[in-house]
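Report on one structure; see the data block that follows.
Convention: sequence-line order gives letters A, B, ...; per-chain numbering from 1.
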Number of protein chains: 2
Amino acid sequence: MPPTPSTFLNGVPELLVLRLLRDREMYGYELVQAIREASADQLTFAEGVIYPLLHTLERDGALSTRRQTINGRSRVYYSVTPTGRERFDALSAHWRTLTGAIANVLEAPRHA
Amino acid sequence: MPPTPSTFLNGVPELLVLRLLRDREMYGYELVQAIREASADQLTFAEGVIYPLLHTLERDGALSTRRQTINGRSRVYYSVTPTGRERFDALSAHWRTLTGAIANVLEAPRHA
DNA sequence: TTGACATACCTATCACCGCAAGGCATATAC
DNA sequence: GTATATGCCTTGCGGTGATAGGTATGTCAA
C-alpha cells in the first residue's frame, strides 16, 4: 500500500499561495499553474484545492479580492492583506522549524 | 483562525517511526518518547497517533513484532522488514523531493 | 459550423490521518 | 493508599487534499 498522494502536503497549498501572492496579485486559475511552474512540475494542486482555499483565506481576512473582466472572461484577483502577511510569516517560520527538526532526526548518525 | 496543530505533519509520524526503527527495534511507548527526544521536543506525537500507525505498518508487512514481558509489563517490539525498509527509502526520497521543491518556491527571488 | 481545447469560475463528496480523550492494567514510590 | 510512570489499546472529531464533476466564454482547426 503506497503512501497517499497527499503525503507530506498538509498545509503546503496555503503556504505556497501566500508566498506567490506576496510577490504580486494573481487569480485562481493563474495560481494553479504558477505553483506547478514555480516548482518545476514537482507540486501540482488542482482547482478543487486552490479555489476553496482562496475562499477560506478571504473569509479569514488574509486575502482581499478585486474582480475584473478580460476578454469576456471574469477574473478574481487576490492580494495578501497585512493579516495574510502575518499568517504567511507565522506559517513560514513553522515550516522552517518543523523541517529543520525532521531533518535532524533523519540525518542523525544513530538513535540510541 | 490559526493553523491546525497538525499543519505540515501529514505523513511525518510514519517517516520518523521507520527512521528510528531502522536503527534498532523499539516498542510503542518507547517510540513516543524517542521521537520527542530525538527532535528536542519539536515533534510530539501521542500514543493515539503512534499505536494505530504501528498496527497499520505491521498489517502492511512493513514492520514485524516480537512480544516480551519485562517486570510484569508486556512490551511489543517492532522491527523494520525489508518491505518496511523499501517503504522508508521511498518515503524519504519523496520527502526530500517535496521539501526541496517547496524550498525553491519559498526562496525564489520573485515569481513573475 | 462544429468540435476540441484552453481559459476561468465553482461545488459536493470522499478518504485519510493527526488529535483529543478516554479506558485498562501493573509496578514503583511517597 | 494513592499518585505517578509504564505500557497497551480504541473511539470520534475535524481539517484538508483528491477526485470528479458542473457552468460559461473565447479560440482555432477541420
Side-chain angles (χ1 to χ4, degrees), chain A residues 1-18 25-37 39 42-60 63 65-78 91 94 98 102, chain B residues 1-18 25-37 39 42-60 63 65-78 91 94 98 102:
Chain A
M1 230 167 295
T4 310
S6 72
T7 303
F8 301 137
L9 293 182
N10 184 299
V12 171
E14 177 174 343
L15 181 69
L16 297 184
V17 162
L18 289 172
E25 67 172 6
M26 297 176 94
Y27 52 98
Y29 189 81
E30 185 184 13
L31 271 165
V32 169
Q33 307 173 136
I35 290 175
R36 182 155 35 77
E37 288 166 15
S39 70
Q42 298 289 329
L43 284 340
T44 296
F45 299 104
E47 303 172 20
V49 172
I50 300 303
Y51 283 117
L53 171 59
L54 291 172
H55 301 159
T56 301
L57 289 175
E58 184 190 10
R59 182 167 40 73
D60 291 357
L63 299 179
T65 60
R66 177 176 72 83
R67 265 145 240 278
Q68 187 171 357
T69 298
I70 294 189
N71 297 337
R73 289 193 212 82
S74 121
R75 294 176 178 173
V76 184
Y77 282 91
Y78 291 87
L91 261 186
H94 193 207
L98 290 182
I102 293 164
Chain B
M1 232 170 289
T4 309
S6 71
T7 304
F8 301 138
L9 292 182
N10 185 301
V12 171
E14 178 174 344
L15 182 69
L16 297 184
V17 162
L18 289 172
E25 68 172 3
M26 297 174 95
Y27 52 98
Y29 189 81
E30 185 183 14
L31 272 164
V32 169
Q33 308 174 129
I35 291 175
R36 181 153 37 78
E37 289 166 14
S39 69
Q42 298 288 330
L43 284 340
T44 295
F45 299 104
E47 303 172 18
V49 173
I50 300 303
Y51 284 118
L53 171 60
L54 291 172
H55 301 159
T56 301
L57 289 175
E58 184 189 11
R59 181 169 39 75
D60 291 358
L63 299 180
T65 60
R66 177 176 71 83
R67 264 147 242 276
Q68 186 170 358
T69 297
I70 294 189
N71 298 338
R73 288 193 215 82
S74 120
R75 293 177 179 171
V76 184
Y77 282 90
Y78 290 87
L91 262 186
H94 193 208
L98 290 182
I102 293 165

Would you say the side chain of [Y] lies within less than 4.5 Å of the side chain of [X], judging by non-hydrogen atoms?
{"X": "Ile35(A)", "Y": "Ile50(A)", "result": "yes"}
{"X": "Glu14(B)", "Y": "Leu18(B)", "result": "yes"}
{"X": "Phe45(B)", "Y": "Val17(B)", "result": "no"}
{"X": "Leu31(A)", "Y": "Leu54(A)", "result": "yes"}
{"X": "Leu15(A)", "Y": "Phe8(B)", "result": "yes"}

Nearest-nucleotide pick for Glu47(B), side chain only, options being dT6(D), dC9(D), dT19(D)
dC9(D)
Within this structure, what is the [atom1]-[atom2] distance for the pair [X] and [Y], rounded to the nearest 0.5 Å?
{"X": "Leu91(B)", "Y": "His94(B)", "atom1": "CG", "atom2": "NE2", "result": "8.5 Å"}
{"X": "Tyr29(A)", "Y": "Gln33(A)", "atom1": "OH", "atom2": "CD", "result": "4.5 Å"}
{"X": "Leu53(A)", "Y": "Leu63(A)", "atom1": "CG", "atom2": "CG", "result": "8.0 Å"}
{"X": "Tyr77(B)", "Y": "Met26(B)", "atom1": "OH", "atom2": "CE", "result": "9.5 Å"}

Nearest whole angstrom, please: distance from the [atom2] of [N] to the [atom1] of [X].
{"X": "Tyr27(B)", "N": "dC9(D)", "atom1": "OH", "atom2": "P", "result": "13 Å"}
{"X": "Tyr29(A)", "N": "dA24(D)", "atom1": "OH", "atom2": "C1'", "result": "13 Å"}
{"X": "Asn10(B)", "N": "dT16(D)", "atom1": "CG", "atom2": "P", "result": "11 Å"}
{"X": "Leu57(A)", "N": "dG15(D)", "atom1": "CG", "atom2": "P", "result": "15 Å"}
{"X": "Gln68(B)", "N": "dG7(D)", "atom1": "CD", "atom2": "C1'", "result": "13 Å"}
{"X": "Tyr77(B)", "N": "dT6(D)", "atom1": "OH", "atom2": "P", "result": "13 Å"}
{"X": "Glu58(B)", "N": "dC8(D)", "atom1": "CD", "atom2": "P", "result": "12 Å"}

Can you tell me if [X] touches the phosphate of [N], counting only side-chain N or O atoms and a distance under 4.0 Å to OP1 or OP2?
{"X": "Tyr51(B)", "N": "dC9(D)", "value": "no"}
{"X": "Thr7(B)", "N": "dG15(D)", "value": "no"}
{"X": "His55(B)", "N": "dC8(D)", "value": "no"}

When you measure from every atom of DNA chain D, which of residues 30-37 of chain B have a heavy atom less than 4.0 Å away?
Gln33(B)
So what does [X] touch, heavy atoms closer than 4.0 Å: a base, only the sugar-phosphate, or nothing?
{"X": "Gly48(A)", "answer": "base"}
{"X": "Arg73(A)", "answer": "base"}
{"X": "Ser74(B)", "answer": "sugar-phosphate"}

Is a side-chain donor or acceptor of Glu30(B) paired with a backbone partner of Tyr27(B) at a separation under 3.5 angstrom?
yes
Of Asn71(A) and Leu54(B), whose nearest nucleotide on DNA chain D comes first from the 5' end?
Leu54(B)
Assuming nearest nucleotide by heavy-atom distance, tell me which of Gly72(A) and Val49(A) is located more 5' along DNA chain D.
Val49(A)
Sorted by position of nearest nucleotide on DNA chain C, 5' first, the leading residue of Leu53(B) and Arg67(A) is Arg67(A)
At the 4.0 Å heavy-atom cut-off to chain B, mark where contacts on DNA chain C begin and end, going 5' to 3'.
dC17(C) to dA27(C)
